[in-house]
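This report concerns only the one structure given below.
As the structure is a prediction and not an experimental result, all values here were calculated from the model.
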Amino acid sequence: ARAARREVQVTRDAWLTHRNRTRRRMLAGVARVTSSDEYSWDAPGAPRTLCVYDRRCRLHSTKPHCVEQARRAVAAAAVVEARARRCSNKLWVERTVHGSYLQRAASSLAYAHTRSYVGAVRQRCLDLATEATMIFGGEDEDTCGNRDTWGAAIAASAAVIQAVDAVLSGEARNALCAVRPPGHHAGASINSLGAPGNGYCLLNHAALGAKHAAHERGLKRVAVFDFDVHHGNGTEDILARTFDPRFMYLSLHATGEDVFPGSGRRARPDHPGVLNAPHRAEKVVTTEWVLEEALPRILNALDAFRPDLLILSSGFDAHKRDPVDLGRLDAADYGVLTRRLVDWAERKCCGRLVSVLEGGYGVDCGPGGEYVTSGRKEAFDTCLRAHVDELAGAFVEADVDEDADLRQEADAIRAADAAAAAAAANSVRAHRAAADAFFRDPPGEDEPSDDAPRLTASALSGLGRDGDRDRVDMLLDKA
C-alpha cells in the first residue's frame, strides 16, 4: 500500500510539473490552449531561437588600431534582424536586455571574478574619458575602452543570463547572444593562466552564464565549448580554478610562439574538467582538422560528461579572411560545425544550447570605419549568418538579396543610434542650460520663482559627468 501511494504521488508530482511548465510556456507565447484541459504545440508557436543584442554594446569604443571595433556589433545586429524579418516563425529578437537582468548580472560577478578585479576594472572604466583609452596598461596593448565600456560589459553578461533563463524555462529552443566586448580571455583576475593581457575582454560572459545555470538554476552539469581560434584561458581559469564536477571546459584552438594567449598547449591538463584540442604549432587551422579530428574528440568528451546545458563561445576568427590570419575555414564550415553541435544538443540535452559571440574581426568597413556588407566576399557577417541559420533551422530562398537585407538593417541600426545620440546630446544641453540659469539668477528663499528653470537630479548627474563638481557641491550645501 505504501508503494502504491508513493507511485501515485510521483505520478501526480510529474503531472503537476508538466502542467506548470506548459502554462509558463503558454504565457511566454510558445504554446496555445485548445480546450479547458489540454495544451497543444503548434508549429508557428513552437519554441524559437532567441537572439539577444543591446545598443549599449555598440557604445564600447576601442582604438583605431584594434580589430575589435563597434562595427562588429552593427554587423551582428544587422544579420539577426535580417534573418528575423525573413524567418519570423523561427527567430525572435530581444533588442534590449531586461533591466532586472542587468542588476542580476552585476550582483553575480563574484561567481566568476574576484571582488578586487571587478572593483578595479569598474572604477578604471568609469574614470575613462569619452575617447578610447587603455584600461590595464603594462604589457596589455589590446584591451581598451571608454566610459561606456563597463555598461557594455554588464549588458553583455546580462544578455547571456537572460538567454540561459529563456532556454532553461522552455521559452526558447536555443539562443544566440550577439554581444561585445568578448569575454573568454577574462579570468578570475587579470593575466589568467599567465597571459600577457586580457585580449579585448573584461567580463567572462560564457563562464558567468555557466555559473548562473548551476548556482541559480540548479543544473547538475554545464559544459562550455570554445571554438574561437584563440584559447579561452579566462574561461578555463574560472571553471577549473577548483575541481567542481558540475563544469567542463572544452576548446579547439591554434597554438604557436606568437599566438595569444600562449596557453592551452597541453591536450590533457591536470584537471578532469578540461579538454583542450590544440592545433599543431606554427600551422593555420584547417577545415579537415576541425571537423574530422578535433570535433569528434569534443563530442566524445561531451557524451561522457552528459551536460544539461551546452554553452558555446562562438569565435569566427579562424575564417580565411579574418585579419588574425590563423585559419582557413569558410562560412560553410562554420555552418557544418554549428549543425553538428545543434544535432548533438537535440539528442543529448533536450536542445539546450546558448551561443555567445566571442571573436571574429573580418568586418568590411567604409571610409569612416562604418560597417558595410561583404557582398560576394565572405566575411564575419556571412559566418554569423550561417551560424544563425543552423541554430534556428532558418533558410531563405536562393533568389533573396541577402546583402540588400543587411544594408537595410544596418542603415536602420545606425539611424536609431544617431537618433539616440542626438536625444542624449539635447538632454545634456538642456541640463546645462537649466544649471547655468539657476546659478546665474537663483530664486530667493522667501520668494521662489515658478518660471525659473529647475535643476533636476538628471541635471546634477550630467554636471557630475562633465566634471563641474564645484557647482554640484555648492548646490548640495545650499540644500
Side-chain angles (χ1 to χ4, degrees), residues 67-68 142 182-185 187 192-201 206 223-237 239-240 248-271 273-303 305 310-341 344 355-362 378-380 383-384 386-387:
V67 295
E68 207 288 303
D142 298 321
H184 69 146
H185 294 309
S192 58
L193 300 187
N198 267 34
Y200 316 132
C201 304
V224 178
F225 171 42
D226 189 336
F227 61 83
D228 190 281
V229 78
H230 302 95
H231 179 237
N233 58 308
T235 310
E236 179 178 327
D237 177 45
L239 298 184
M248 185 173 191
Y249 173 74
L250 312 97
S251 174
L252 58 87
H253 51 269
T255 56
E257 291 296 329
D258 299 327
V259 177
F260 184 89
S263 55
R265 300 178 188 276
R266 297 175 59 189
R268 282 286 185 182
D270 299 328
H271 197 288
V274 176
L275 173 63
N276 287 319
H279 190 258
R280 295 178 295 275
E282 306 302 338
K283 293 184 179 180
V284 296
V285 175
T286 61
T287 302
E288 294 75 15
W289 178 79
V290 170
L291 299 180
E292 299 176 10
E293 184 177 343
L295 186 59
R297 290 180 54 201
I298 298 295
L299 295 181
N300 289 336
L302 288 173
D303 285 335
F305 184 63
L310 176 61
I311 297 179
L312 303 179
S313 283
S314 303
F316 302 97
D317 42 2
H319 188 260
K320 57 188 177 183
R321 288 192 65 218
D322 197 273
V324 302
D325 195 27
L326 291 175
R328 293 295 178 267
L329 275 66
D330 56 23
D333 297 330
Y334 281 111
V336 173
L337 175 63
T338 306
R339 181 73 261 159
R340 293 187 184 179
L341 293 170
W344 183 91
S355 177
V356 184
L357 181 61
E358 298 287 358
Y361 312 107
E378 286 193 0
F380 168 76
C383 294
L384 186 60
H387 186 64

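The heavy-atom pair separating Val324 from Val229 by the smallest distance is CG2-CG1, 4.4 Å. Nearest heavy atom pair, residue Gly264 against residue Asn276, reads CA-ND2, 3.9 Å. Closest of all the heavy-atom pairs between Gly232 and Ser251 is N-OG, 4.4 Å. In this structure, Gly362 and Asp322 approach most closely via the heavy-atom pair N-OD2, 3.2 Å. Smallest separation of non-hydrogen atoms from Asn233 and Ala195: ND2-CB, 3.4 Å. For the residue pair Ala206 and Ile311, the shortest heavy atom distance occurs at O-CD1, 3.9 Å.
Note that CD of Glu378 and CZ of Arg321 are 8.5 Å apart. Values are rounded to the nearest 0.5 Å. Tyr249 OH to Leu239 CG: the interatomic distance, rounded to the nearest 0.5 Å, is 9.0 Å. Distance check, rounded to the nearest 0.5 Å: CG of Asp142 to CG of Asn198 gives 10.0 Å. In this structure, His184 NE2 and Ser313 OG are separated by 7.0 Å, a value rounded to the nearest 0.5 Å. Between Phe316 atom CZ and Tyr361 atom OH the span is 12.0 Å, to the nearest 0.5 Å. Atom CG of Leu329 is separated from atom NZ of Lys320 by 9.5 Å, given to the nearest 0.5 angstrom.
Under the 4.5 Å side-chain criterion, counting only non-hydrogen atoms from C-beta, Leu250 is not in contact with Arg297. Counting heavy atoms from C-beta on, the side chains of Asp303 and Trp344 come closer than 4.5 Å. Leu275 has its side chain within reach of Ile298: a pair of non-hydrogen atoms, C-beta onward, lies under 4.5 Å apart. No side-chain heavy atom of Asp317 sits under 4.5 Å from any side-chain heavy atom of Leu326. Taking 4.5 Å as the limit, some side-chain heavy atom of Phe380 sits within range of a side-chain heavy atom of Leu357.
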Residues Val290, Phe227; criterion side-chain contact (heavy atoms from CB on, under 4.5 Å); working and verdict: CA-CA 9 Å; Val290 170; Phe227 61 83; over 6 Å; no
Candidate pair His185 and Phe260, rule ring pair (Phe, Tyr, Trp, His ring centres under 6.0 Å), full reasoning: CA-CA 10 Å; His185 294 309; Phe260 184 89; 4.9 Å; yes
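Using a 3.5 Å distance cut-off with no hydrogens or angles, the side chains of His231 and Glu236 do pair a donor with an acceptor. There is no side-chain donor-acceptor pair under 3.5 Å between His253 and Asp226.
Using a distance-only test at 3.5 Å, with no hydrogens or angles considered, a donor-acceptor pair links the side chain of Asn300 to the main chain of Pro296. A distance-only check finds a donor-acceptor pair linking the side chain of Glu358 to the backbone of Gly183 [under 3.5 Å].
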